[in-house]
Protein chains: 2
Amino acid sequence: MPKVLSPALSKYSRDALSLLGALIREARLTSTLTTTEVSTRAGISRGLLQRIERGDPGCGIGAVFEVAAIVGVPLFEMDERLLPARLARQTEKMALLPKSVRAPRTAVNDDF
Amino acid sequence: MPKVLSPALSKYSRDALSLLGALIREARLTSTLTTTEVSTRAGISRGLLQRIERGDPGCGIGAVFEVAAIVGVPLFEMDERLLPARLARQTEKMALLPKSVRAPRTAVNDDF
DNA sequence: CCCATGCGGCTTGTTTATGGGCCATTTGCC
DNA sequence: GGCAAATGGCCCATAAACAAGCCGCATGGG
């Protein structure tokens, strides 16, 4: 018995996935790199690269990011050099907020 | 006998993963949502959400994007409403480039 | 037009992630 | 300080991703 079918991603997520895949494919073709080339560099199989370019939600995010990096698709609309600094800043911010959240009465309970 | 250990992601990818996880966690805490809350809404387990916030490369990209969407982390530094149009434009562009690439002599063979 | 080659899809076996449970610890509100 | 709740970590069974190899078809250069 199959079970209920994965809850289905939101349209936003699916669109984002498709877009990322398309950007990767475009970057690869523009660079004149074959699927074999890129997949080998990324340390993944050619089949997985195809799924990534197709926008398959099941792909490991590590593999996707790695491929994006290889073909030159910026992950955060941000230069590669800036990322470490950005991460450092973010990490600092994290220290300032609470480690855990407290139950808000009931979700959005503003009936007063 | 194990095998060689996954090729290890590039620093860029690892940083990007960590940053995304941190952004998600920040957004969740800011919204006062518990891990259980968010994971339930995303249709994933609490454990997976924890790995996502930790920046685990093995997480399915679909799950990560879905969580990001739920807590409100913009995937492409772009408003949710703009995504479909952006995807459409990209899709059009894709039609214009070659479906396959031709072998570049030999990698970067410009010894003339 | 012909051919080499890139590509997409499929199958199979194995590795791996995921879900669900549980516990110990930390955290923040009262 | 006390306590309920949130978090993080671990284990196990199952489902799923992944690699590898093969195919025929499409494609673009010569």
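Letters A, B, ... mirror the listed sequences (proteins, then strands); counts begin at 1.
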Grab the two heavy atoms, one from [X] and one from [Y], that are nearest each other, plus how far apart they are.
| X | Y | result |
| --- | --- | --- |
| A/Leu9 | A/Pro57 | CD2-CB, 3.5 Å |
| A/Leu83 | B/Ala16 | CD2-N, 3.6 Å |
| B/Leu49 | B/Thr35 | CD2-O, 3.3 Å |
| B/Val101 | A/Leu33 | CG2-O, 3.4 Å |
| B/Ala63 | B/Leu48 | CB-CD2, 4.1 Å |
| B/Pro84 | B/Arg81 | CD-O, 3.4 Å |

In whole angstrom, what separates [X]'s [atom1] from [N]'s [atom2]?
| X | N | atom1 | atom2 | answer |
| --- | --- | --- | --- | --- |
| A/Leu49 | D/dA17 | CG | C1' | 15 Å |
| A/Leu33 | C/dG6 | CG | C1' | 13 Å |
| B/Ile44 | D/dA15 | CD1 | C1' | 16 Å |
| B/Leu48 | C/dG21 | CG | P | 16 Å |
| B/Leu29 | D/dT7 | CG | P | 7 Å |
| A/Ile52 | D/dA17 | CD1 | P | 13 Å |
| B/Ile61 | D/dA17 | CD1 | P | 13 Å |

Could you pull out every donor-acceptor pair under 3.5 Å between side chains of residues 68-77 of chain A and any protein atom, sequence neighbours left out?
none

The correct set of residues in residues 13-21 of chain B placing a heavy atom under 4.0 Å from DNA chain D is none

Any side-chain donor paired with an acceptor under 3.5 Å for B/Ser10 and A/Glu66? yes

Side chains of [X] and [Y]: closer than 4.5 Å at any heavy-atom pair?
| X | Y | result |
| --- | --- | --- |
| A/Glu26 | A/Thr30 | yes |
| B/Val38 | B/Ile24 | no |
| A/Arg54 | A/Gln50 | yes |
| B/Asp56 | B/Cys59 | yes |

Using five pairs at either end of the helix from C/dC1-D/dG30 to C/dC30-D/dG1, determine the angle between the two local helix axes and round it to 10 degrees. 80°

With DNA chain D as reference, determine whether A/Asp56 or B/Arg25 sits nearer its 5' end, using the nearest nucleotide of each. B/Arg25

Can you identify which nucleotide, out of C/dT18, D/dT7, C/dG19, has its nearest atom closest to the B/Arg28 side chain? D/dT7

Out of D/dT7, C/dT18, C/dC7, which nucleotide sits closest to the side chain of A/Thr34? C/dC7

Between the protein and nucleotides 9-13 of chain D, which nitrogen or oxygen pairs are less than 3.5 angstrom apart?
{"unit_1": "D/dG9", "atom_1": "OP2", "unit_2": "B/Arg54", "atom_2": "NH2", "d": "3.2"}

Closer than 4.0 Å, any side-chain N/O of A/Arg51 to the OP1 or OP2 of C/dC7? no

Between the protein and nucleotides 26-28 of chain C, list the N/O to N/O atom pairs that are separated by less than 3.5 angstrom.
{"unit_1": "C/dG28", "atom_1": "OP1", "unit_2": "A/Lys99", "atom_2": "N", "d": "3.0"}

Any pair with a residue in residues 14-24 of chain A that passes salt bridge (Lys or Arg N to Asp or Glu O under 4.0 Å), sequence neighbours left out, goes on the list, sorted by first then second residue, please. A/Lys11-A/Asp15

State plainly whether the residues A/Arg28 and A/Glu53 are in salt-bridge range, i.e. N to O under 4.0 Å. yes

